[in-house]
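Report on the following structure.
Predicted, not measured: the structure shown is a model, and the values here were computed from it. Note: hydrogens, waters and symmetry copies are ignored here, and every other heavy atom, side chains too, is used.
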Amino acid sequence: MHAQAVILDRPERLGLARLALDAPGPADATVEVAWSGISTGTERLLWSGRMPDFPGMGYPLVPGYESVGRVVEAGPESGRRVGETVFVPGARCFGPVRGLFGGAASHLVSAGSRLRPIPETLAEQGILLALAATARHALAGSPGSGRQLIVGHGTLGRLLARLARIDGLDPVVWERDPARRDGAEGYEVTDPEQDERRYARIIDASGDAGLLDTLIARLAPGGEVVLAGFYEAPLSFAFAPAFLREARIRVAAQWQPGDLDAVAALAGSGVLSLDGLVTHRRPAAEASSAYRTAFGDPACLKMVLDWSARP
């Protein structure tokens, strides 16, 4: 079986290619992909060639870890059934072509245990579950008490704020770009230059490696900075201000399956709104221009590739 897949031959050279899929085993399922999202964090680094050393790194590669589709074949040991709508957090099924993270393709073969059934009603918004799970993982790693700050009002920042509100918190969000301060749902978005408050917990969703000293300076005594972005440059901080505040710094790693299950349930029930986050859509055939828009247009919160028009 073959698939049309997004392939990065080398940095800044991206297009579609017809690739052979690995044969599925008894524990695998084959998914016909309807939509895949473009990450402006890790995928931007892959596209630009600035990705730090990472397991499986190398070109050519198939990017993507935000795919939603329908199971069309299910092995007897896969635990899946034909017709299920599933979220696919990437795949490695392209033979010699690296799958990093391997989800941007018309069809995918994956272990059934990696696929997460989701309500069909989520449709294209289902691609947002990876970021929602990332946000939940960052929030759940420490007690949410005291004044909370989220840095960055992109897609991840908005999901962090929405989940914090569900948890009964009252977060503030910093955003420097005036065009991105709109769209708040029950929380405050402000210019950091206009905010002098101190915070018990600061969650950085910006991925800006140069912000750490600024964030530590805004901590309350004993406060915590949570690094929830993906950082291409080394991070460092001045020791004295961190010492005086007895600051804690925590890295929020990749979400776990329980995080994905939890946010899928919240979104499926309507408790977690995913509205207003998918701002741009392109047919998969226009992948090259779609990636450039996703990485270059500040108005683009989340770009979705539509794989429904099969070649």
message: Check this for me, if you would: do Glu120 and Arg70 make a salt bridge, where the nitrogen-to-carboxylate-oxygen distance has to be below 4.0 angstrom?
response: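 Salt bridge absent between Glu120 and Arg70.
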
- prompt: Salt bridge or not for Arg176 and Glu193, using N-O below 4.0 Å?
  reply: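 Glu193 and Arg176: salt-bridged.
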
- request: Would you list the pairs meeting side-chain hydrogen bond (donor to acceptor under 3.5 Å, both in side chains) in which at least one residue belongs to residues 206-220, sequence neighbours left out?
  value: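 Counting only pairs at least two positions apart or across chains, the side-chain hydrogen bond (donor to acceptor under 3.5 Å, both in side chains) contacts touching residues 206-220 are Asp204-Ser206.
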
message: Does anything in residues 164-173 form a side-chain hydrogen bond (donor to acceptor under 3.5 Å, both in side chains)? List the pairs, not counting sequence neighbours.
response: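 Checked against side-chain hydrogen bond (donor to acceptor under 3.5 Å, both in side chains) - neighbours excluded - no pair reaches residues 164-173.
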
Give me the atom names and distance for the closest heavy-atom approach of [X] to [Y].
X      : Y      : answer
Tyr291 : Leu305 : CE1-CD1, 4.0 Å
Ala135 : Leu163 : CB-CD1, 3.7 Å
Trp174 : Pro192 : CD2-CB, 3.5 Å
Glu84  : Pro117 : OE2-CG, 3.7 Å
Ala287 : Val6   : CB-CG2, 4.0 Å
Pro234 : Ala209 : O-CB, 4.0 Å

Can you check whether [Y]'s main-chain N or O pairs, donor with acceptor, with [X]'s side chain at less than 3.5 Å?
X      : Y      : result
Ser78  : Ala74  : no
Glu175 : Asp177 : yes
Gln148 : Gly146 : yes
Ser36  : Glu66  : no
Ser67  : Gly103 : yes
Gln194 : Asp191 : no
Arg80  : Glu77  : no
Arg162 : Gly186 : no
Arg250 : Glu224 : no
Thr155 : Leu301 : yes

Are [X] and [Y] connected in the hydrophobic side-chain network, where two residues link if heavy atoms are under 4.5 Å apart?
X      : Y      : answer
Val151 : Leu159 : no
Val33  : Phe101 : yes
Val68  : Val31  : no
Leu274 : Val86  : no
Leu139 : Phe230 : no

message: According to ring pair (Phe, Tyr, Trp, His ring centres under 6.0 Å), who are the partners of Trp47, at least two apart in sequence or on a separate chain?
response: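 Per chain and number, Trp47 pairs via ring pair (Phe, Tyr, Trp, His ring centres under 6.0 Å) with Phe295.
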
Which residues satisfy the salt bridge (charged side-chain N to carboxylate O under 4.0 Å, His left out) test with [X], sequence neighbours excluded?
X      : answer
Arg10  : none
Arg136 : Asp259
Asp22  : none

Answer whether the closest heavy-atom distance between the side chains of [X] and [Y] falls below 4.5 Å.
X      : Y      : value
Leu129 : Leu122 : yes
Glu73  : Pro24  : yes
Leu272 : Ile166 : yes
Leu21  : Met1   : yes
Leu169 : Arg201 : yes
Phe87  : Leu128 : no
Phe237 : Ile249 : yes

For [X], check side chain to side chain contact (heavy atoms under 4.5 Å, CB included) against everything at least two apart and list the hits.
X      : value
Pro241 : Ile216, Ala238, Arg245
Glu286 : Arg282, Pro283, Ser289
Ala285 : none
Pro11  : Tyr59

query: Under 6.0 Å from the CZ atom of Arg13, do we count more than 12 heavy atoms belonging to anything else shown?
result: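 No, CZ of Arg13 has 12 or fewer neighbouring heavy atoms, counting only those of other groups under 6.0 Å.
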
query: Quick one: salt bridge (charged side-chain N to carboxylate O under 4.0 Å, His left out) pairs with a partner in residues 289-298, sequence neighbours left out?
result: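 Residue pairs passing salt bridge (charged side-chain N to carboxylate O under 4.0 Å, His left out), neighbours aside: none found.
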
field: Chi angles and distances behind the salt bridge (Lys or Arg N to Asp or Glu O under 4.0 Å) call for Arg197, Glu188
entry: CA-CA 13 Å; Arg197 290 166 287 192; Glu188 176 188 353; 3.0 Å; yes

Quick one: [atom1] on [X] to [atom2] on [Y], what's the gap to the nearest 0.5 Å?
X      : Y      : atom1 : atom2 : result
Ser39  : Lys302 : OG    : NZ    : 5.5 Å
Asp261 : Ile118 : CG    : CD1   : 11.5 Å
Leu277 : Glu124 : CG    : CD    : 11.0 Å
His280 : Ile38  : NE2   : CD1   : 11.0 Å
Leu45  : Met51  : CG    : CE    : 6.0 Å
Arg18  : Ile7   : CZ    : CD1   : 14.0 Å

- request: Not counting sequence neighbours, list each pair that qualifies as a ring pair (Phe, Tyr, Trp, His ring centres under 6.0 Å) and has a residue in residues 118-140.
  value: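 Sorted result for residues 118-140: empty, none.
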
- prompt: Going by atom types alone, do Glu43 and Tyr65 pair a side-chain donor with an acceptor below 3.5 Å?
  reply: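 There is no such pair between these side chains.
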
message: Using side-chain contact (heavy atoms from CB on, under 4.5 Å), reason through Arg281 and Trp35 one step at a time and then give a plain yes or no.
response: CA-CA 10 Å; Arg281 301 159 186 83; Trp35 303 280; over 6 Å; no

message: Between His2 and Phe94 (judged by ring centroids, cut-off 6.0 Å), do the two rings come close enough to count as a pair?
response: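 Distance test on ring centres: not under 6.0 Å, no.
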
- request: Begin from the C-alpha positions of Val173 and Arg158 and carry the test side-chain contact (heavy atoms from CB on, under 4.5 Å) through to its verdict.
  value: CA-CA 9 Å; Val173 178; Arg158 292 171 198 236; over 6 Å; no

